[in-house]
Protein chains: 2
Amino acid sequence: MKSMVKHQHEARAKIIKAMAHPSRLFIIEELSKHERCVGELTDMIGADASTISKHLSVLKNAGLVADEKRANSIYYTLRCPCVMDFVGCVEDVLSANAKQHNEILKSCKK
Amino acid sequence: MKSMVKHQHEARAKIIKAMAHPSRLFIIEELSKHERCVGELTDMIGADASTISKHLSVLKNAGLVADEKRANSIYYTLRCPCVMDFVGCVEDVLSANAKQHNEILKSCKK
DNA sequence: TGGCTATTTGGCTATATTCCCATAGACGAT
DNA sequence: ATCGTCTATGGGAATATAGCCAAATAGCCA
């Protein structure tokens, strides 16, 4: 693989990897509706605040979210709402999987 | 986080995680143009055949690709072409990052 | 200033991922 | 049947990730 193409795929993979975690997906989805501060997200997810803070730093590092300090909280926002379209596509894959799974079950019963 | 919602995000994360690797992204992109067998992908990427085989099994396990044996090769195809739309969105994130980076550089020069 | 709250960082362990090598299995061709 | 090709699997080392706790930092408010 040529090195330029390789770099391109590494850069893309870095973004996708940042999304590839249940809590981070939850955060992305939540931020697509609302800006939220760390404490709110921590309460919603139910993990240690430091864990959520690290997840947010992964997302920020990938350029997926932006943060803004206000009062004594830091509010995070989704930088590119288009990532939510992707979730729809992932759901398509999941339902295709479920459909296939059902067909296999059916053919076994026969 | 409620357990049903949690399961949903875990299922989604599994799919996304399967995409979150440079070689696997390359494979997805390649398969969106062409069906390909393991040997072809191995040559293009330049890694051990067993490595590529494992990448393909990750993609297959996530339901992203399908395989079909023909002659003495196994041909892989992309099951949900919509995943390529996502790559476009990832590029949006990357160019937003680049733009921001440039603005920071500019403001430093002033 | 000193306490309070919100967030981040460092340290650590447990777990997961990636990659290569060696080997095994499948299958067509001779 | 045996060879050669193609693909998959097992093993193991190097590296990366996730999570918690403890401690540091930053800013508000009295």
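Naming: A, B, ... by sequence-line order, numbering from 1 per chain. Only heavy atoms go into these numbers, but all of them, side chains included; no hydrogens, no water, no symmetry mates.
Panel note: side chain A/E40, backbone A/C37; a donor-acceptor pair is recorded below 3.5 Å. Using modelled atom types, one side-chain atom of A/R24 and one backbone atom of A/A18 make a donor-acceptor pair closer than 3.5 Å. Proximity of a side-chain donor or acceptor of B/H34 to a complementary backbone N or O of B/R36 within less than 3.5 Å is not detected. Side-chain N or O atoms of A/E29 include none that pairs as donor or acceptor with a backbone N or O of A/F26 at under 3.5 Å. Of the possible polar contacts, one joining the B/T42 side chain to the B/V38 backbone as a donor-acceptor pair under 3.5 Å is found.
B/S50 comes within 4.0 angstrom of a base, heavy atoms only.
Between C/dT7, D/dC20, D/dT7, one nucleotide has an atom nearer to the side chain of B/S53 than all others, and that is D/dT7. Candidate nucleotides D/dC28, D/dT7, D/dT5 were compared by shortest atom distance to the side chain of A/N72, and D/dC28 ranks first. For B/A47, whose side chain is taken as the heavy atoms from C-beta onward, the closest listed nucleotide among D/dA8, C/dC20, C/dT7 is C/dC20.
Rounded to whole angstrom, the span from the CG atom of B/L41 across to the C1' atom of D/dA8 amounts to 15 Å. Between A/I16 atom CD1 and C/dT17 atom P the separation is 16 Å, expressed in whole Å. Here the P atom of nucleotide D/dA16 and the NZ atom of A/K14 are 14 Å apart, to the nearest Å. Look at CG on B/N61: it is 11 Å from P on D/dT9, rounded to the nearest Å. Rounded to whole Å, the distance from CD on B/E68 to C1' on C/dA26 is 17 Å. Between the NZ atom of A/K60 and the P atom of C/dT7 there is a distance of 13 Å, rounded to whole Å. Regarding B/D48, its CG atom lies at a distance of 15 Å from the C1' atom of C/dA24, rounded to whole Å. Atom CG of B/L56 and atom P of C/dC19 are 13 Å apart (whole Å).
The shortest distance between the side-chain N/O atoms of A/T51 and the OP1/OP2 oxygens of D/dC20 is below 4.0 Å. OP1 or OP2 of C/dC19 sits under 4.0 Å from a side-chain N or O of B/H55. Between B/Y76 and the phosphate of D/dA8, there is a side-chain N or O to OP1/OP2 separation shorter than 4.0 Å. Phosphate contact (OP1/OP2 of C/dT17, side-chain N/O of B/K17, threshold under 4.0 Å): present. At the phosphate of D/dG19, OP1 or OP2 sits under 4.0 Å from a side-chain N or O atom of A/H21. Applying the 4.0 Å criterion to OP1 and OP2 of C/dT18, one finds that B/R24 has a side-chain N or O inside that range. Between B/S73 and D/dT7 there is a side-chain N or O to OP1 or OP2 distance below 4.0 Å.
Between its opening and closing five pairs, the helix from C/dT1-D/dA30 to C/dT30-D/dA1 changes axis direction by 20°, a value rounded to 10 degrees.
Residues B/Y75 and B/L78 fall into different hydrophobic clusters, defined by Ile, Leu, Val, Met, Phe, Trp and Tyr side chains chained together at heavy-atom separations under 4.5 Å. Neither A/V83 nor A/V58 shares a network with the other; the hydrophobic side chains, linked directly or stepwise wherever heavy atoms of I, L, V, M, F, W or Y lie under 4.5 Å apart, form separate groups for each. The cluster map of Ile, Leu, Val, Met, Phe, Trp and Tyr, joined by side-chain heavy atoms under 4.5 Å apart, puts A/M84 and A/M19 in the same cluster.
Between A/V58 and A/K69, it is A/V58 whose nearest contact on DNA chain D lies nearer the 5' terminus.
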